[in-house]
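A short worksheet on the structure shown next.
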Amino acid sequence: MFPAKFEYYAPTTVNQAVALLKKHRDAKVLAGGHSLLPTMKLRLAQPPVLVDIGKVKGLAGIKVAKGGATIGALTTHATIAASKDLRKQCPAITEAAALIGDMQVRNRGTIGGSLSHADPAADYPAVMIALGAEMKAVGPKGARTINASHFFKSLMTTALKPSEVLTEVRLPPHQPNSGCAYVKFPNPASRFAVAGVCAWIALDAKGRCAKASIGITGACATATRASKTEAALRGKELNEETIAAAAAQAADGLDCLSDIHASAEYRAHLVTVLTARAIQQAVARAK
Ligand SMILES: Cc1cc2nc3c(=O)[nH]c(=O)nc-3n(C[C@H](O)[C@H](O)[C@H](O)COP(=O)(O)OP(=O)(O)OC[C@H]3O[C@@H](n4cnc5c(N)ncnc54)[C@H](O)[C@@H]3O)c2cc1C
């Protein structure tokens with residue numbers, strides 16, 4: 001299992017990385033290498049040039065402030081899982097990070113790498129959609145911000161352009177009377193999500209659902225939103241019955257995947273069960 005030959009560059013600034021990506025067509029960014037290197041060793045990908053961003057300063061780290069949280073693209077899953085500040089403001093993302101793969105994967109893999117790779121079974125995409133996260137990308141024409149709703153395009157395809165580097169993820173500030181949670185059904189071998197659901201719920205002064213945002217991963221070719229469930233929750237008093245009725249619609253209209261791990265029917269069922277659990281946890285936290 002040896003990869004095909006490639007040229008290797010290790011820039012020290014984002015601008016250098018972008019310039020290398022612009023110069024070398026079909027070059028690939030290398031972050032933690034936990035998704036890219038296996039595909040290269042299996043010769044599923046043969047990039048002629050790797051641009052290793054591991055030496056670029058300022059791309060790793062977490063800042064949590066009143067205006068929201070910022071997570072650098074090179075921040076590892078282990079660092080995110082261990083962040084007490086992040087857990088206080090947004091427990092769904094630390095939960096998702098803690099459930100990724102095993103210790104080795106969490107110590108090397110990065111949030112930027114995971115989001116850019118857009119594996120259909122990756123955990124973070126559901127969280128990004130539910131929380132309304134924004135991705136900052138830097139390319140030859142400068143920086144731009146992409147909302148999570150427009151970031152995940154299709155199977156392993158994002159809105160990033162070939163010469164853009166994802167530099168950070170921004171999470172909106174915590175809103176009073178809101179709560180979020182991420183739950184998943186992991187593949188017993190890899191821990192990738194057979195299905196995973198993130199729910200973000202805001203309550204009004206009477207304790208009813210003011211707003212619901214629900215992201216789903218693992219079930220389809222790309223992460224998606226449970227729009228029908230969100231609409232069914234809005235304005236409702238949230239108890240076991242209303243949550244179950246809304247969650248039962250979570251897989252409506254989804255084109256669920258069928259593979260050796262699970263049938264489309266089983267994934268659709270998992271989505272409804274996990275959606276109910278995620279909503280219940282999010283509501284408990286909002287209260
Ligand atoms: C055994 C195993 C189990 C795993 N289990 C899980 C799991 O349970 N849940 C889960 O979500 N993931 C899981 N993963 C995937 C893991 O989280 C990877 O770390 C992650 O998907 C990729 O991150 P990376 O930093 O390793 O990126 P890399 O492998 O270096 O890169 C991945 C892709 O993203 C691109 N890229 C990387 N960084 C950037 C950037 N900043 N800007 C633009 N493009 C970029 C690369 O060019 C490449 O195409 C698992 C992986 C393994 C090997």
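Given the structure is predicted, the values throughout are model-derived calculations rather than measurements. Start at 1 and go down the list; that is how both ligands and their atoms are numbered.
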Report all side-chain donor-acceptor pairs from residues 73-86 shorter than 3.5 Å, counting only partners two or more places apart or in another chain.
from	atom 1	to	atom 2	distance (Å)
Thr75	OG1	Gly61	N	2.9
Thr75	OG1	Gly61	O	3.3
Thr75	OG1	Gly72	N	3.4
Thr75	OG1	Gly72	O	2.7
Thr76	OG1	Thr79	N	3.2
Thr76	OG1	Thr79	OG1	2.8
His77	ND1	Tyr124	OH	2.9
Ser83	OG	Leu86	N	3.1

Using distance only, find each side-chain donor-acceptor pair of residues 229-240 under 3.5 Å and give its atom names and separation, not counting sequence neighbours.
from	atom 1	to	atom 2	distance (Å)
Thr229	OG1	Ala246	O	2.9
Thr229	OG1	Ala250	N	3.2
Glu230	OE2	Ile214	N	2.7
Glu230	OE2	Arg225	NH1	2.8
Lys236	NZ	Ala232	O	2.9
Asn239	OD1	Glu241	N	3.1
Asn239	OD1	Thr242	N	2.8
Asn239	OD1	Thr242	OG1	3.1

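Looking at atom 7 (C) of ligand 1, its nearest protein heavy atom turns out to be Gly101 N, 3.4 Å. From the protein, the heavy atom lying nearest to atom 18 (C) of ligand 1 is Ser35 OG, 3.5 Å. Annotation: atom 25 (O) of ligand 1 to nearest protein heavy atom, Thr110 OG1, 2.6 Å. Nearest protein heavy-atom contact of atom 8 (O) of ligand 1 is Arg191 O, 2.8 Å. Here the heavy atom of the protein found nearest to atom 47 (O) of ligand 1 is Val29 O, 2.5 Å. The protein heavy-atom contact nearest to atom 16 (C) of ligand 1 is Val105 CG1, 3.7 Å. Scanning all protein heavy atoms for the shortest distance to atom 27 (O) of ligand 1 gives Gly113 CA, 3.4 Å. The closest protein non-hydrogen atom to atom 53 (C) of ligand 1 is His34 O, 3.4 Å.
Counting heavy atoms from C-beta on, the side chains of Ser35 and Ser114 never come closer than 4.5 Å. Side-chain atoms of Met135 and Met128, non-hydrogen and from C-beta on, do get closer than 4.5 Å to each other. Two residues are said to be in side-chain contact when any heavy atoms from C-beta on lie closer than 4.5 Å; Arg285 and Trp200 fail this criterion.
Backbone and side-chain nitrogen or oxygen atoms of Asp102 are examined, and none is located within less than 3.5 angstrom of a nitrogen or oxygen of ligand 1. The N/O atoms of Phe192, backbone and side chain alike, include one that comes under 3.5 Å of an N/O atom in ligand 1. Considering both main-chain and side-chain atoms, Arg108 never comes within under 3.5 Å of ligand 1 through any nitrogen or oxygen pair. Annotation: Ala31 places an N or O atom under 3.5 Å from an N or O atom of ligand 1; distance criterion only. Below 3.5 Å of separation, one finds no N or O of Leu37 facing any N or O of ligand 1. Geometrically, ligand 1 and Leu166 share a nitrogen or oxygen pair separated by less than 3.5 Å. Considering backbone and side-chain N/O atoms, Gly33 comes within less than 3.5 Å of an N/O atom of ligand 1.
Salt-bridge formation is not detected for the pair Asp102/Arg191: no Lys NZ or Arg NE/NH1/NH2 atom is positioned less than 4.0 Å from an Asp or Glu carboxylate oxygen. A salt bridge links Arg170 and Glu168; the closest N-O separation between the charged side-chain nitrogens and carboxylate oxygens is under 4.0 Å.
Comparing Ser163, Ser116, Ala45 against atom 45 (C) of ligand 1, the shortest heavy-atom distance belongs to Ser116.
Below 4.0 Å from some heavy atom of Gly32 lie the following atoms of ligand 1, by number and element: 24 (P), 25 (O), 26 (O), 27 (O), 30 (O). Applying the 4.0 Å criterion to heavy atoms of His117 picks out, from ligand 1, the atoms 32 (C), 33 (C), 34 (O). Applying the 4.0 Å criterion to heavy atoms of Ala122 picks out, from ligand 1, the atoms 10 (C), 11 (O). Below 4.0 Å from some heavy atom of Ser114 lie the following atoms of ligand 1, by number and element: 20 (C), 21 (O), 22 (C), 23 (O).
Using a non-hydrogen distance threshold of 4.0 Å, Lys184 registers as a contact of ligand 1. Using a 4.0 Å heavy-atom cutoff, His77 is listed among the residues neighbouring ligand 1. Using a non-hydrogen distance threshold of 4.0 Å, Pro38 does not register as a contact of ligand 1. Residue-ligand proximity: Ile53 is placed with a non-hydrogen atom under 4.0 Å from ligand 1.
Met40 is connected to Tyr8 through a chain of hydrophobic side-chain contacts under 4.5 Å among Ile, Leu, Val, Met, Phe, Trp and Tyr, so both are in one cluster.
The number of heavy-atom neighbours closer than 6.0 Å to CG of Asn187, taken from other residues, nucleotides and ligands shown, is above 12. In this structure, Arg87 places its CZ atom where more than 12 heavy-atom neighbours from other residues, nucleotides or ligands lie under 6.0 Å away.
Lys28 places no side-chain N or O within 3.5 Å of a backbone atom of Val49 that could act as its donor or acceptor partner. Between the side chain of Glu95 and the backbone N or O of Tyr182 there is at least one donor-acceptor pair closer than 3.5 Å. Side-chain atoms of Asp204 come within 3.5 Å of backbone N or O of Gly207 as a donor-acceptor pair.
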- prompt: Between Asp259 and Arg267, does a salt bridge (Lys or Arg N to Asp or Glu O under 4.0 Å) hold up when you go through it step by step?
  reply: CA-CA 10 Å; Asp259 56 23; Arg267 278 195 166 90; 3.2 Å; yes
task: For the pair Tyr9 and Leu50, evaluate side-chain contact (heavy atoms from CB on, under 4.5 Å) and give the outcome as yes or no after the intermediate values.
output: CA-CA 6 Å; Tyr9 294 92; Leu50 285 190; over 6 Å; no
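Of all the heavy atoms of Leu74, none lies under 4.0 Å from any atom of ligand 1, so neither backbone nor side chain is involved.
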